[in-house]
Amino acid sequence: MLKPWGERKKIFFLVVVLFFLLLTGLLFRTSRDTLDETKAEFSFKLLLYPIQKALQYATDFSHETWNTVTGLASLYRENADLRREISELKMEISQLEQLGAENERLRQTLDFSTKSTLNLISVEIVARNPSNWMDTVIIDKGGKYGLLKNMPVITEHGVVGRILNVNPLSSEVILLTDPREGNSMSGVIKRSRGLVYIYGGGPGGNCRVKSSDLDVRFEVGDQILTSESSLYFPKNLLIGTILEIIDHGDGFEQEAVMKPAAKLGQMEYIYVVSN
Amino acid sequence: MKRRWLILTGALLFSICLQSTFFARLNLFGVVPDLVLVIVVSHALLYGPISGSLWGLVGGLFLDLASGGILGINILLKTALGFGIGLFERTVFKDNLLVPTVLVVFATLANETISYLILTALGWQEKFGSYIVFTVIPLLLQHMILTIPVYYLLLKGLRLRQESFERRMGI
């Protein structure tokens, strides 16, 4: 027999209150380690991957078809291959330039330490995070290809981020701009070699940079490189350029906005540094 | 009943994949639209608060699992918005496309503002002003454009369902 409306209303509100309490608890529990992946997330992403891969192919196909129709005709595919080749060559040039700059600096200081060349794995971006709160991308290689958590990810233009989660066939890369707590790295100003800390969540898809010391001062246009003290990144890779200096008015702490050197919104192929 | 769950799961999974591939590649105004929110709002307006909150719950869960980070934020917001928007089901004229468009604007503002408050309280690092300019305003524009085809498709589905029900009943 159906319960009277008043009683049903009470039960309904009780269920709603319990539901919201449960969710709030879950929210606080998972907010502690936001960079760690739960088993449910791992399984769900594994389930999504084939659909995303298929949709990515469909998207690429329609994108290419559209470009072909609108004037590039058969040259487009050849162009795509050439662009990939150029991207790889630029990467090599960039490495050589970095080696040259490093060599010059070392020559000046009469320090003859050697720098190892980077071992790169070329990967393709399959999907991006569906939320605007998290800046991560899914790449088409995972544990089976030797990828490990925290491996650095770069392009020919500069640093992209690091591997956050590894699945057998795919991996999730956290970009420099992701605003989550814990997504930070150290760097140095190319001009003064002053140590700085880089965080995500800057305005307009940029990063925030804080100086490590009161003596370390920014200038607009300063280039930020990976530092020797970086946990995961090889030294002297370009991270970005200082766009704007934020004045806190106290004359002490200096903060700046940094535009990442890698074009994070337009990437198709990126590289994982495996050594 | 089974068919209903299949449609619900399939539509929401597909929309999340579309969100993370096609729309991410499109990169219009530098943000990815929240297709799940648009679907939940449109669905709630046509089917009422109970069905609206159910779609919000499942859509929010899928979005939370796909995005990583804090689990529960999208479940909480999408369920509440599905229920809230669903309350308008009997009071608004469903054939007017302006109604879902305006409600999507309110839902987006509520979703983004509450998300911002919760996430900044939990340590996220983003300035409110830049968030409004670079994320919320482009999102509003995208959602307004997306609502028209999404709502139109759902409305067509509802009409077809009503017609087939009337045929079966011999009305």
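Just so we're on the same page: letters track the sequence lines, and every chain starts at 1.
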Are there more than 12 heavy atoms of other residues, nucleotides or ligands under 6.0 Å from atom CZ of B:F29?
yes

Report the C-alpha separation of B:F22 and A:L55 in whole Å, then their side-chain angles, then the decisive distance to 0.1 Å, and conclude whether the side chain to side chain contact (heavy atoms under 4.5 Å, CB included) test is met.
CA-CA 7 Å; B:F22 177 75; A:L55 268 174; 5.9 Å; no

Please classify the contact of B:Y131 with chain A as side chain, backbone, both or neither, using a heavy-atom distance under 4.5 Å.
side chain

Please report the interatomic distance CD1(A:I51) to OG1(B:T21), rounded to the nearest 0.5 Å.
10.0 Å

Counting only heavy atoms not in B:R161, do more than 12 sit closer than 6.0 Å to its CZ atom?
no

Is chain A contacted by the side chain of B:T79, its backbone, both, or neither, given a heavy-atom distance below 4.5 Å?
side chain

What's the spacing between A:N132 CG and B:D34 CG if we round to 0.5 Å?
8.0 Å

Report yes if the side chains of B:C17 and A:L48 come closer than 4.5 Å at any heavy-atom pair, otherwise no.
yes

Minimal non-hydrogen separation, B:A80 against A:F20, with atom names:
CB-CZ, 4.4 Å

B:G129, B:S115, B:P33: which one forms the most heavy-atom pairs within less than 4.5 Å of chain A?
B:S115

Excluding sequence neighbours, so at least two apart, what forms side-chain hydrogen bond (donor to acceptor under 3.5 Å, both in side chains) with A:D60?
A:Q56, B:R25

Does atom CZ of A:F19 have more than 12 heavy-atom neighbours, drawn from other residues, nucleotides or ligands, at distances under 6.0 Å?
yes

B:I118 versus chain A, heavy atoms under 4.5 Å apart: side chain, backbone, both or neither?
side chain

For the atom pair CH2 (A:W133) and OG (B:S67), what is the distance rounded to the nearest 0.5 Å?
12.5 Å

Check whether B:F83 gets within reach of chain A through its side chain, its backbone, both or neither, counting any heavy atom under 4.5 Å.
side chain

Return the CE to CG distance between A:M134 and B:L119, rounded to the nearest 0.5 Å.
7.0 Å

Looking only at heavy atoms, the pair that brings B:A66 and A:K45 closest together is O-CE, 3.4 Å

Checking heavy atoms, do the side chain of A:V16, its backbone, both or neither come under 4.5 Å from chain B?
neither

Spatial distance of atom OG (A:S43) from atom CG (B:L65) [nearest 0.5 Å]
9.0 Å

Can you tell which part of A:Y57 gets under 4.5 Å to a heavy atom of chain B, answering side chain, backbone, both or neither?
neither

Does any backbone or side-chain atom of B:L26 lie under 4.5 Å from a heavy atom of chain A? Answer side chain, backbone, both or neither.
neither

When every non-hydrogen atom of B:S20 is compared with those of A:Q52, the smallest separation belongs to OG-NE2, 2.9 Å

NZ of B:K94: more than 12 outside heavy atoms within 6.0 angstrom?
yes

With a 4.5 Å limit on heavy-atom distance, are the side chains of B:L13 and A:F44 in contact?
yes

Interchain contact, B:D64 with chain A, by part (heavy-atom threshold 4.5 Å):
backbone

Heavy-atom pairs under 4.5 Å with chain B: which of A:L23, A:I138, A:L47, A:I125 has the most?
A:L23

